[in-house]
There are 2 protein chains.
Amino acid sequence: MTASATLRSRRRPVQRRAQQTVEAILDAVIRILKRDGFEAVTTNHIAEVAGVSIGSLYQYFPDKRAIFAALHRRHVGEIDRGIQTALIENAAASLEDLVRALVDAMIDAHTSDPGLHELLMTEVPHRADDTQEFAVRLHGAFRLAIAARTGELMNVRDLDTAAFVVAHMVDALCHGAALRRPPNLGLAAAKREIANAVLAYLRATPAQAA
Amino acid sequence: MTASATLRSRRRPVQRRAQQTVEAILDAVIRILKRDGFEAVTTNHIAEVAGVSIGSLYQYFPDKRAIFAALHRRHVGEIDRGIQTALIENAAASLEDLVRALVDAMIDAHTSDPGLHELLMTEVPHRADDTQEFAVRLHGAFRLAIAARTGELMNVRDLDTAAFVVAHMVDALCHGAALRRPPNLGLAAAKREIANAVLAYLRATPAQAA
DNA sequence: GAACAAATTGAACGAATGCTCATATTAAGT
DNA sequence: ACTTAATATGAGCATTCGTTCAATTTGTTC
């Protein structure tokens with residue numbers, strides 16, 4: 001064991017080939033999941049599909065769980081990057097433009113590899129932390145977006161409530177639109193409709209919501 | 001093997017004690033899931049917690065998967081019953097009342113045993129059919145609700161699109177409200193807010209969504 | 001109360017899985 | 001070139017898991 005090794009972590013990849021080994025392992029998990037389902041995801045099979053020996057696998061992951069955790073971190077990180085970019089690029093934009101940008105980022109994240117997100121969420125076990133951090137970030141993004149424009153939104157009484165509603169709407173609808181969109185609804189139209197639903201909620205008059 | 005036995009099904013419980021055995025098995029799975037997580041859900045352990053022999057378990061379930069499938073069917077059936085009831089009881093009611101009733105039914109289904117729904121969805125493997133049937137039903141329920149009132153809803157251009165949006169909104173928001181509601185948002189208030197969001201979307205004027 | 005069917009039992013088995021470790025190979029540092 | 005650290009290898013071990021089956025107990029039917 002290395003000096004900095006604990007019970008949980010193993011050797012950290014420093015050379016390029018080692019980093020490639022780690023990436024190959026994570027990619028192999030996805031390949032197996034898509035082809036044969038979760039039951040086929042065994043450590044020996046992962047190593048085989050990754051083109052790596054089982055020994056190498058256990059150099060970088062203390063156990064099977066750690067592989068799944070790393071996979072989730074990588075995936076959530078990718079989506080989060082898109083969200084944060086949209087947030088920064090549209091910091092001064094109108095509410096409408098910001099909402100559309102965030103919906104765009106979410107849809108893009110789900111359509112680059114459709115089904116991957118759902119696969120990871122439904123089939124790969126994960127602790128609450130792995131995913132909930134992303135929910136918190138999305139909530140935070142919308143909280144920020146709404147807070148800066150409270151003046152024009154008469155229906156927003158409580159900031160956290162509004163952010164809660166909007167974040168859940170966007171997450172579920174973007175996910176659904178990427179995978180189970182009704183046949184007569186194109187992707188671009190879906191983006192517009194989702195953004196419109198969000199704006200309708202935020203801009204609603206008390207009369208419409210009573 | 002019995003006369004009507006196929007490769008997939010086994011003996012069907014006809015006596016009361018046998019039905020109790022089956023129920024005890026399904027309940028045991030939930031108990032183990034809550035206490036020790038999915039890894040601890042082994043067939044022998046299920047039988048032990050259910051207070052039943054492993055042999056009895058395999059009289060009613062051809063394999064481990066079948067237990068999970070039955071568990072999902074039972075759970076989805078319970079939620080669906082609430083939805084259908086709300087739909088029938090409010091067939092002639094106003095859009096507002098119907099939406100509130102459906103939100104109510106969904107929230108109640110999630111709060112009777114908070115966490116159970118998420119547990120089953122995230123930890124217990126299931127084929128798409130097991131869950132998607134419910135999504136189709138929820139979509140159908142809202143499709144029906146909206147179709148009967150298209151006159152007053154100027155923002156609804158396509159029925160399936162509107163049903164798609166609303167069904168996903170309600171599902172995600174009710175689920176989220178039951179489990180990850182912000183601290184300053186009570187259950188009753190959450191119900192109101194969700195219904196309001198749905199109504200705001202359906203009743204929005206083109207001006208609000210542009 | 002026999003005769004039959006339904007339900008229950010649990011020890012045991014083959015197969016598979018997660019993981020280790022002693023050894024070999026490749027790159028980095030000097 | 002030589003030393004040292006990093007990386008890779010894969011046969012094999014201990015364990016566990018899903019499932020079977022022959023035997024037993026309980027309920028039903030007439």
Side-chain angles (χ1 to χ4, degrees), chain A residues 1-29 32-33 36-71 123-125, chain B residues 1-29 32-33 36-71 123-125:
Chain A
M1 307 215 185
T2 328
S4 67
T6 70
L7 283 172
R8 303 247 98 209
S9 72
R10 297 246 162 147
R11 178 187 292 274
R12 286 194 183 174
V14 314
Q15 299 178 7
R16 195 177 305 167
R17 56 176 175 158
Q19 287 161 6
Q20 284 172 343
T21 296
V22 170
E23 291 295 309
I25 289 170
L26 298 184
D27 291 339
V29 174
I32 299 171
L33 268 174
D36 303 312
F38 183 69
E39 284 183 12
V41 181
T42 69
T43 51
N44 283 285
H45 196 194
I46 293 170
E48 183 193 338
V49 171
V52 159
S53 82
I54 182 65
S56 284
L57 189 153
Y58 277 97
Q59 290 255 348
Y60 304 107
F61 299 101
D63 54 27
K64 204 184 177 186
R65 287 176 161 192
I67 303 173
F68 298 151
L71 194 55
E123 297 219 51
V124 181
Chain B
M1 308 223 183
T2 328
S4 68
T6 70
L7 282 171
R8 303 245 98 211
S9 73
R10 298 247 163 143
R11 178 188 290 275
R12 285 192 183 176
V14 314
Q15 299 177 8
R16 195 179 302 166
R17 55 177 174 159
Q19 287 162 5
Q20 284 173 342
T21 296
V22 170
E23 290 297 310
I25 289 169
L26 298 184
D27 291 339
V29 174
I32 300 170
L33 268 174
D36 302 313
F38 182 71
E39 285 184 12
V41 182
T42 69
T43 51
N44 282 283
H45 196 196
I46 293 170
E48 183 193 337
V49 171
V52 158
S53 83
I54 182 65
S56 284
L57 189 152
Y58 276 96
Q59 289 259 348
Y60 305 107
F61 299 100
D63 54 27
K64 203 183 177 187
R65 285 178 163 191
I67 303 174
F68 297 152
L71 193 56
E123 296 219 52
V124 181

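Since the structure is predicted, the reported quantities are computational estimates derived from the model, not experimental observations. Labels below follow one simple rule: chain letters A, B, ... track the order of the sequence lines, proteins then strands, and each chain is numbered from 1.
Applying the side chain to side chain donor-acceptor pair (under 3.5 Å) test to A:R12 and every residue at least two apart in sequence or in another chain returns nothing. Shown here are the salt bridge (charged side-chain N to carboxylate O under 4.0 Å, His left out) partners of A:D27, two or more places apart in sequence or in another chain: A:R74. For B:Y60, there are no ring-ring contact (aromatic ring centres under 6.0 Å, His included) partners at least two apart in sequence or on another chain. Judged as a side chain to side chain donor-acceptor pair (under 3.5 Å), and not counting sequence neighbours, the contacts of B:Q15 are B:R17. Residues passing the side chain to side chain contact (heavy atoms under 4.5 Å, CB included) test with B:A24 are B:A50, sequence neighbours excluded. With sequence neighbours left out, A:Q59 forms a side chain to side chain donor-acceptor pair (under 3.5 Å) with A:R11.
Applying the side chain to side chain donor-acceptor pair (under 3.5 Å) test to every pair with at least one member in residues 49-58 of chain B, sequence neighbours left out, gives no pairs at all. Listed by first and then second residue, the salt bridge (Lys or Arg N to Asp or Glu O under 4.0 Å) pairs that reach into residues 38-54 of chain A are A:E39-B:R65, sequence neighbours excluded.
Between the CG atom of B:L57 and the C1' atom of C:dA7 there is a distance of 14 Å, given to the nearest Å. A straight line from CD1 of B:I67 to C1' of D:dC17 spans 13 Å, rounded to a whole angstrom. Atom P of nucleotide D:dT19 and atom CZ of B:F61 are separated by 13 Å, given to the nearest angstrom. Atom CD1 in B:I46 sits roughly 11 Å away from atom P in D:dC17 (whole-Å rounding). In this structure, B:H45 places its NE2 atom 14 Å from C1' of D:dT16, rounding to the nearest Å.
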TODO: Any chance you could list the contact pattern along nucleotides 25-30 of chain C? Use B for base contacts, S for sugar-phosphate-only contacts and - for none, protein heavy atoms under 4.0 Å, 5' to 3'.
DONE: -BSS--
- [ ] Classify every nucleotide of nucleotides 13-23 of chain C by which part a protein heavy atom approaches to under 4.0 Å, writing B for the base, S for the sugar-phosphate alone and - for neither, in 5'-to-3' order.
- [x] ----SBBB---
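The one candidate from A:V52, A:I54, A:I67 that meets the side-chain contact (heavy atoms from CB on, under 4.5 Å) condition with A:I46 is A:I67.
Closest of all the heavy-atom pairs between A:A40 and A:D36 is CB-CB, 3.5 Å.
Between the axis at the start and the axis at the end of the helix from C:dG1-D:dC30 to C:dT30-D:dA1 there is an angle of 30°, using five pairs per end and rounding to 10 degrees.
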TODO: Would you check, one step at a time, whether the test side-chain contact (heavy atoms from CB on, under 4.5 Å) holds for A:F61 with A:T43?
DONE: CA-CA 11 Å; A:F61 299 101; A:T43 51; over 6 Å; no
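Of the listed nucleotides (C:dA6, D:dT9, C:dT9), D:dT9 has the atom at the smallest distance from the side chain of A:S53.
Residue contacts for B:R16: at a heavy-atom cut-off of 4.0 Å it reaches no nucleic acid atom on any strand shown.
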